[in-house]
Asks: 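There's a structure below that I have some questions on.
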Amino acid sequence: MAARSVTLGIDLGTTSVKAALVEAAPGDPSGFVVLASCARAAQAETAAQSAAAGPQGQEQDVKRIIQALHECLAALPRQQLRKVCGIGVSGQMHGVMFWKTGQGCAWTEGGAAPVFEPRAVSHLVTWQDGRCSSEFLASLPQPESHLSVATGFGCATIFWLLKNSPEFLKSYDTAGTIHDYVVAMLCGLARPLMSDQNAASWGYFNTRSQSWNLEILRAAGFPIQLLPDVAEPGSVAGRTSKAWFEIPKGTQVGVALGDLQASVYSCMAQKTDAVLNISTSVQLVASMPSGFQPPQTPDPTAPVAYFPYFDRTYLAVAASLNGGNVLATFVHMLVQWMADLGLQVEESMVYSCMIQAAAQQRDTCLTITPTVLGERHLPDQLASVTRISSSDLSLGHVTRALCRGIVQNLHSMLPFWQLREWGVERVIGSGSALSRNEVLKQEVQRAFPLPVSYGQDGDAAVGAAVVMLQRSLSQQKS
C-alpha cells in the first residue's frame, strides 16, 4: 500500500506553474508529507489574438505554460514519479481557452519521456483580462446564479468574442480553463469535464441545480456547445492515456479544481479554521456550515462572496484588492520623495526601517483607509487619511495606521463577530506580506482576537495532491 500512495499535485497559476509530490503521513490517516516540489515561472504573457481587445486584453501563450509544467515534472525525482497513483490539478480560475476536439495536442516520444505539445489551441484569456467594459457587462443577460459576472470571467469573454470576433470562435469547438485543458489532454477526453468550482467562476452557472443557465444563454445566442460538462470536485475525470514522465499509463486524474479551493484545502485543518492570506492582495476565507445556501441572486455590492468548495459546501471569501501592494505603494512614495530631495535610498531599507518604527509605536489616533485600488464591491472608493494631529506624524505612527487600516478594511468586509457566529475558533495566517511584518500580525490579533497559527502557507499544488491522496486512501479502505 505504501508503495502506491504517492500523488502528484499540479497548479497552473497566473505567474508560475508548480508541481508537488505528496504521500500519507505515517500513522496519521489525515496527515500528509510533501516529498518534493518544484515551481517554474510561466513567462507566458502575450499580445491578444483579437486586435479589438486592445491594451485591456490579458492573454497567455498556452505552449509556454505547458513547457513550464514539463520543466517542473522533469525536476522531480523519477523514482517517486513511478509510484504516483493519482494526479490532482488546479489552476487560475475564471480564464478561458479554446481548442479543437481531437486536435488539442500531439504526444511526442522525443526525449526521456513522452510529453504533449499544444496544437489547435487558442491563447488563454486570463482572469485579469479587462476587455469587457461596464457598459458591455450591463448589456449581458442577468445570470440565474448567486455570483455576478465580471470582466475576465469565461462566459463574459465568450460573449465579447461572439460580438467582436465571431470568426475567431468558428475555429474551435471546445472550451475550458487551462487546468481543464491539461486534464483533458492527459486523459484523452473528447469533451472536457469541469468542476463546479471552475464553472461558478465562469459565470452563468447555478450551484444549487449544478447546471449552466442554458435557457438564458441560448436566448442570447451564446454558443452553448462550448460549455464543458460539470462534475463533482474530488471526482475522477479519467485515467492517463499514456505514460508521462515515469507516471504509469492508466493513472487516475481528478477533475480540475479552483486554485483558491485547493490552496485552502492544503492548510485548513479543521472546519473551525479561517484562512487569512495577506500577499499582494488579501483573502479571508471561512468554511460555511453544511446545508448553507447562498442568496439566489447576485449582489455586486456585497463584500463577501460564496464559492463552491467540496461535498456541496461553500467557502465564504472576503477578497480585498488592498494588501501588501498598499505597503509597496507607500514605500515607493517615500523613496520617490527622497529622490526628489536628492537622496538615494533602497526600498528594502525603507521597508525594514518603517516596520521597526511602527513596532515601537504600539498605538496611534491617526486613521488611514488604505483603499487606493478601490474594492470589487466599491470600485470607486479611494484612500483617505483622517484624525491627523501634529503628534501623530512620525514614520512609526503613519506605518502603524497603514497596517491597521489594511486589517480594519478587511474587518469591515468580514467582521470578527461574523466569524464567531460561523463557529470559527482559529485563524491560519499566511502570505508573504503577513509572514515578514510583525506589525500586521499585531493588528490581525487586535481585530480578530482568536488563536492565530503561522507557518503553513496555502499551496494549491499540495492541496490538489492531497484531494487525490485522500481519495486513493479511501478506495484502498473500501
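Just so it is clear, the values below take in all heavy atoms, side chains as well, and ignore hydrogens, waters and symmetry mates.
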Asks: Nearest 0.5 angstrom please: Leu450 CG to Asp273 CG, how far?
Replies: 10.5 Å
Asks: With rounding to the nearest 0.5 Å, note down the distance linking CG in Leu473 to CZ in Phe32.
Replies: 12.5 Å
Asks: Show the numbers, then the answer: is there a side-chain hydrogen bond (donor to acceptor under 3.5 Å, both in side chains) between Gln60 and Glu45?
Replies: CA-CA 4 Å; Gln60 292 186 336; Glu45 279 68 30; 3.0 Å; yes
Asks: Which is it for Thr174 and Thr101 under the side-chain hydrogen bond (donor to acceptor under 3.5 Å, both in side chains) test, yes or no, and what are the steps along the way?
Replies: CA-CA 6 Å; Thr174 312; Thr101 304; 2.8 Å; yes
Asks: Any heavy-atom pair between the side chains of Tyr204 and Leu140 that's under 4.5 Å?
Replies: yes
Asks: For the residue pair Tyr265 and Gln470, confirm or rule out a side-chain donor-acceptor distance under 3.5 Å.
Replies: yes
Asks: Go through the side-chain N and O atoms of Tyr314 and Ser287 and say whether any donor and acceptor fall under 3.5 Å apart.
Replies: no
Asks: Counting only N and O atoms by type, is there a donor-acceptor contact under 3.5 Å from the side chain of Asp129 to the main-chain atoms of Val125?
Replies: no
Asks: State whether a side-chain donor-acceptor pair under 3.5 Å links Glu375 with Ser320.
Replies: yes
Asks: Within a radius of less than 6.0 Å around CD of Gln43, do more than 12 heavy atoms belonging to other residues, nucleotides or ligands occur?
Replies: no
Asks: Any salt bridge linking Glu117 with Arg119? Criterion: basic side-chain nitrogen under 4.0 Å from a carboxylate oxygen.
Replies: yes
Asks: Is it true that a side-chain atom of Ser435 and a backbone atom of Gly431 form a donor plus acceptor pair closer than 3.5 Å?
Replies: yes
Asks: Keeping Gln92 on the side-chain end and Gly13 on the backbone end, is there a donor-acceptor pair under 3.5 Å?
Replies: yes
Asks: Does the side chain of Asp196 come under 3.5 Å of the side chain of Gln210 through a donor N or O and an acceptor N or O?
Replies: yes
Asks: Does a side-chain heavy-atom distance below 4.5 Å link Ser453 with Arg426?
Replies: yes
Asks: Begin from the C-alpha positions of Lys441 and Leu434 and carry the test side chain to side chain contact (heavy atoms under 4.5 Å, CB included) through to its verdict.
Replies: CA-CA 7 Å; Lys441 287 181 181 177; Leu434 184 57; 4.0 Å; yes
Asks: Taking all heavy atoms of Gly323 and all of Ile278, pick out the closest pair and write down the distance.
Replies: CA-CG2, 4.5 Å
Asks: Looking at Asp61 and Lys63, does any basic side-chain N land under 4.0 Å from a carboxylate oxygen?
Replies: no
Asks: Between Ser165 (side chain only) and Glu167 (backbone N and O only), is there a donor and an acceptor less than 3.5 Å apart?
Replies: no
Asks: Would you call Lys100 and Asp173 a salt bridge, taking side-chain N to carboxylate O under 4.0 Å as the test?
Replies: no
Asks: Using every non-hydrogen atom in the two residues, find where Gly203 and Val149 come nearest and quote the distance to one decimal.
Replies: CA-CG2, 4.1 Å
Asks: Are side-chain heavy atoms of Trp244 and Pro114 found at a separation under 4.5 Å?
Replies: no
Asks: List the residues meeting side-chain contact (heavy atoms from CB on, under 4.5 Å) with Ala199, not counting sequence neighbours, and say none if there are none.
Replies: Met194, Phe205, Trp212, Val230
Asks: Going from CD1 on Ile10 to CG on Leu12, what distance comes out if it is rounded to the nearest 0.5 angstrom?
Replies: 6.5 Å
Asks: Do Gln128 and His94 come close enough that some side-chain heavy atom pair is under 4.5 Å?
Replies: no
Asks: So, the side chain of Thr371 versus the backbone of Leu373: is there a donor-acceptor pair under 3.5 Å, distance only?
Replies: no
Asks: Run the numbers on Tyr181 and Trp99 for ring-ring contact (aromatic ring centres under 6.0 Å, His included), then give the verdict.
Replies: CA-CA 9 Å; Tyr181 166 78; Trp99 65 95; 5.1 Å; yes
Asks: Less than 4.5 Å apart, side chain to side chain, heavy atoms only: is that true for Tyr306 and Val317?
Replies: no
Asks: Do the side chains of His70 and Phe245 get nearer than 4.5 Å, heavy atoms only?
Replies: yes
Asks: Measure the CD-CG distance between Glu23 and Leu35 for me, rounded to the nearest 0.5 Å.
Replies: 4.5 Å
Asks: Could you tell me the separation between the CG atom of Asp180 and the OG atom of Ser195, rounded to the nearest 0.5 Å?
Replies: 7.0 Å
Asks: Could Lys163 and Phe136 be counted as a cation-pi pair, given that NZ or CZ must be under 6.0 Å from the ring centre and within 45° of the axis?
Replies: no
Asks: For residues Leu217 and Ile224, report the shortest heavy-atom separation together with the two atoms involved.
Replies: CB-CG2, 3.9 Å
Asks: Can you confirm whether the side chains of Ser90 and Asp11 place a donor and an acceptor under 3.5 Å from each other?
Replies: yes
Asks: Do side-chain atoms of Asn322 reach the backbone of Gly374 as a donor and acceptor pair under 3.5 angstrom?
Replies: yes
Asks: Using a 4.5 Å cut-off on heavy atoms from C-beta on, say whether the side chain of Leu315 contacts that of Gln261.
Replies: yes
Asks: State, without any angle test, whether Thr313 and Asp311 hold a side-chain donor-acceptor pair at a distance under 3.5 Å.
Replies: no
Asks: Just how far is it from atom CZ of Phe307 to atom OG of Ser201, taken to the nearest 0.5 Å?
Replies: 8.0 Å
Asks: Ion pair present between Glu144 and Arg208, side-chain N to carboxylate O less than 4.0 angstrom?
Replies: no
Asks: Test salt bridge (charged side-chain N to carboxylate O under 4.0 Å, His left out) on Glu246 and Lys83 and set out the steps.
Replies: CA-CA 9 Å; Glu246 309 285 336; Lys83 298 178 191 171; over 6 Å; no
Asks: Grab the two heavy atoms, one from Val304 and one from Met413, that are nearest each other, plus how far apart they are.
Replies: CG2-O, 3.4 Å
Asks: For Ser266 and Gly463, indicate whether the former's side chain and the latter's backbone hold a donor-acceptor pair under 3.5 Å.
Replies: no
Asks: Just checking, any donor-acceptor pair under 3.5 angstrom between side chains of Thr14 and Trp127?
Replies: yes
Asks: Would you say Asn213's side chain and Ile216's backbone share a donor-acceptor pair under 3.5 angstrom?
Replies: no
Asks: Would you call the rings of Trp107 and Phe116 parallel, tilted or perpendicular if under 30° counts as parallel and over 60° as perpendicular?
Replies: tilted
Asks: Surrounding CD of Glu215 (heavy atoms of other residues, nucleotides or ligands, distance under 6.0 Å), is the total greater than 12?
Replies: no
Asks: Using modelled atom types and a 3.5 Å cut-off, is there a donor and acceptor pairing between side-chain atoms of Ser472 and backbone atoms of Met468?
Replies: no
Asks: Go through the side-chain N and O atoms of Asn277 and Gln283 and say whether any donor and acceptor fall under 3.5 Å apart.
Replies: yes
Asks: Please step through ring-ring contact (aromatic ring centres under 6.0 Å, His included) for the pair His411 and Phe448, ending with a clear verdict.
Replies: CA-CA 8 Å; His411 187 272; Phe448 300 97; 5.3 Å; yes
Asks: Within the structure provided, determine whether Arg239 and Ser241 are in side-chain contact (heavy-atom separation under 4.5 Å).
Replies: no
Asks: Looking at every heavy atom in both Ala460 and Ala262, which two are closest together, and how far apart are they?
Replies: O-CB, 3.5 Å
Asks: So, applying side-chain contact (heavy atoms from CB on, under 4.5 Å) with Val84, which one of Thr7, Thr240, Leu8 is it?
Replies: Leu8
Asks: Carefully, step by step, assess Trp202 and Phe153 under the rule ring-ring contact (aromatic ring centres under 6.0 Å, His included).
Replies: CA-CA 5 Å; Trp202 265 23; Phe153 284 26; over 10 Å; no
Asks: Are Asp229 and Arg191 ion-paired here, with the side-chain N under 4.0 Å from a carboxylate O?
Replies: yes
Asks: Is the backbone of Met97 close enough, under 3.5 Å, to the side chain of His123 for a donor and an acceptor to pair up by distance?
Replies: no
